[in-house]
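Naming convention: chains lettered A, B, ... in sequence-line order (proteins, then strands); numbering from 1 in each chain. No hydrogens, no waters, no symmetry mates; every other heavy atom, side chains included, goes into these values.
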Amino acid sequence: MSELNVQLKGGEAAQVPASASVAEALKQLDRDAAKQALAARVNGSEVDLAFKLDRLEANGNTVEPVEIVPVLPGTREGLEVLRHSTAHLLAAAVLDLFPGTKLGIGPALLDDPRYGYFYDLIAPRQLTDEDLPAIEKRMREIAKRNMPYRREEIAKSEAMRLFSERDEPLKCKLVDDKGGETVSVYYIDGSPFIDFCLGPHVPNTNRLKAFKLLSLSGAYWMGDATQAQMQRIYGTAFATAEELDAWVKQREEAERRDHRRIGRELDLFSIQDAYGQGLIFWHPKGAMIRKAMEDYLYAELQRRGYLLVYTPHIAKRELWRVSGHDQSYGDSMFAPTTLEDTEFRLKPMNCPFHIGIYKSQQRSYRDLPLRYAEMGTVYRAELSGTLHGLMRVRGFTVDDAHLFCTPDQIRKEIDDCVDFVVDVFKAFGFDKVRFELSVKGSDTGKNWLGSEDQWADAEGALAESLDSRGVAYERIEGEAAFYGPKIDFKVEDAIGRLWQLGTVQWDFNLPERFELEFVGEDNKPHRPVMVHRALFGSVERFFGVLIEHYAGAFPLWLAPVQVAVLPITDRINGYAESVGEALRAAGLRVEVNTRGEKIGAKIRDAQMQKVPFMLVCGDREAESNMVAVRERTKGDIGVMSVEDFTGMARGLVESRALVNVTESGA
RNA sequence: GCCCGCGUAGCUCAGGGGUAGAGCGCCUCCUUGGUAAGGAGGAGGUCAUGAGUUCAAAUCUCAUCGCGGGCUCCA
């Protein structure tokens, strides 16, 4: 066969010599795509542009016309190739600068917005942050030299010989574990670099133009803490300098919004060495915001038929054995403490306590559903290195609830939970909520509890609930908890980041362990269905997300100081205080600034503290019982009476408006 | 927990084997000023903690504590 029919997917067709490469074939089909392509998909398989079409035969994939899809920059697939190739470039540069470096793995990352790729390696000496600029510089030099990425397919034994000759023990291990009869290796010609790799890669190094090294960290070989610790170099890469630039800007924006920085600047919370890592101090202004959050939530809970409960922070160890936490979650719990020969442990979860209330008396089907809700504070023994501001802590409060109901009632309960979540997140300014349905799937790896029927019913109810609401969701096989399927919620914040928050979890486990029962219509005992449910998840973490979402500039109903009264001279202080009193009497949170500063400085102070409304008062206002209103983002919005302002502000608070002025422009 | 980096005034940071620095903030005084910083003066530090090297350590070494970045990712 000397000629092959080739065709762009759904496009041009042509005939090329069977010995042609993908690049040559593409040139016949679409000159523009040929120029841009990074790699290609040929009869469905990803290959390099240098791939010779006559090799299809060797791969038993000779369907004609041969379908060619160019892998273009600007697509997910293209970005993956680009980043993967950049990871190789990184490794080549490190080998150049630090001969003797042992290579681990170097994949592209597409789903983590922080990074684009990494390479794990063991250098002859510990690398430090100061080495990164030199490595990046060498990467640019190699990129400019326009070196080809060259693929070779060799026998596994040949590859083993190659890598052991080069003293690459980790690569040998990988070839041994993962390699088939023949394996592919990639060279960057002109560099000592060889990698065991499936590819595909860009044709040569000058296709890599927009990349950057980011940070250095530790990583375990195969992610296993008992294995050797390697060094991981993180970087990112994009198709164009503009995209890289935009990404850098987004990163700076995230930095600007960092809740730890804003938390300090606005005096919202602190974490203090002297008291312990991962323990949060809510300062008055942070506490005020939390109070507003909780007040809203309590009102919603009451409206939706939840019953408020309070439970202890500690319980006998035996209780945790019954629940199973001691055995399967014990590593994440604070160690037991003993009093009069009885061991106690701090609670890492609230469920057993709510179960305690359920079990405190006999329950009839007429009592169900029971919905116990609590701002339950829990303690978890998180490793010190994982702690992070409000996002990962050792003591936190869950807006927890446990639903106990009959199997017939469950579907409605789930529906209500989903509605509740969407409403609450909307109130806090998160319009985009994403759902993930985690199911057992065919995964047999875990010690799944419950019967096949139970799983099918539970997964069906969760899926139906999401379907009937018409919300988009992702179904994740094998990600369910061992005791039941769940729905997780994620919200998208003001700069497009996703945050995993609350969850609705079905539980086959605890009702069994605690032998929960209700008396049915048939006068016989039945096992209730139990659902764990949290919206915020951790109140601390949700607060952190809110701070970053609003960059500290909270909507009026959440703002710790809603109004700053700013007298122009100290002659007006008395009037300003009386305005402050009037607003406080109307339930608004007010500060009166009587410092000996000019009005400009007082306004600046209030702006920096992101106070929604400033009321400027001078002689004119004092004479007529008026205030000159300045809104944080809009500036001066005119003079109005104290009563009119109070009415407007109260209206905005009561409607939990997300912008600080009414439509009429106030 | 482990790897790398960091720890100097309330905050942000400079300095660096020989008397501890800046800006902001704080306090006092002057100024009474109409929409994002008025002026002057002052207080404030065991340079994270402990040990070592040295005539001398905030500075060099080690340990401890704390903080930051990480620790599933297709060869």
Requested in this report: Could you summarise the pairing of RNA chain B as dot-bracket text, marking Watson-Crick and G-U pairs under 3.5 Å with ( ) or [ ] inside the strand and | across strands?
Outcome: (((((((..((((....[..)))).(((((.......))))).....(((((..]....))))))))))))....

Requested in this report: Provide the distance between the two P atoms, one in B/C62 and one in B/G7, to the nearest whole Å.
Outcome: 15 Å

Quick one about [Y] and [X] (side-chain donor to acceptor, distance below 3.5 Å, no hydrogens or angles considered), yes or no?
X	Y	result
A/E631	A/T633	yes
A/Y149	A/R151	no
A/D195	A/Y119	yes
A/Y550	A/D493	no
A/Q607	A/R630	yes

Query raised in the report: Ring centres of A/F645 and A/F613 under 6.0 Å apart?
Result: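 Yes.
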
Report task. Taking the six-membered ring for Trp and the single ring otherwise, decide whether the centroids of A/F281 and A/Y275 are under 6.0 Å apart. Result -> yes

Query raised in the report: A/D195 near the nucleic acid: base, sugar-phosphate alone, or nothing, with a heavy-atom cut-off under 4.0 Å?
Result: nothing

Requested in this report: Identify whether any heavy atom of A/I568 sits under 4.0 Å from a base atom; if not, whether one sits that close to sugar-phosphate; answer base, sugar-phosphate or nothing.
Outcome: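 Base, at least one base atom sits under 4.0 Å.
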
Report task. For RNA chain B, find the residues of residues 623-634 of chain A with a heavy-atom distance under 4.0 Å and give them by number; none if there aren't any. Result -> A/A628, A/R630

Report task. State whether the distance check finds a donor on one side and an acceptor on the other, under 3.5 Å, for side chain A/E265 versus base B/G25. Result ->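 Between B/G25 and A/E265, which were checked side chain against base, a qualifying N/O pair under 3.5 Å is absent.
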
Query - Expected output: side-chain A/E165 to main-chain A/L162 donor-acceptor under 3.5 Å - result: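 Checking the backbone N and O of A/L162 against the side chain of A/E165, no donor-acceptor pair under 3.5 Å is found.
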
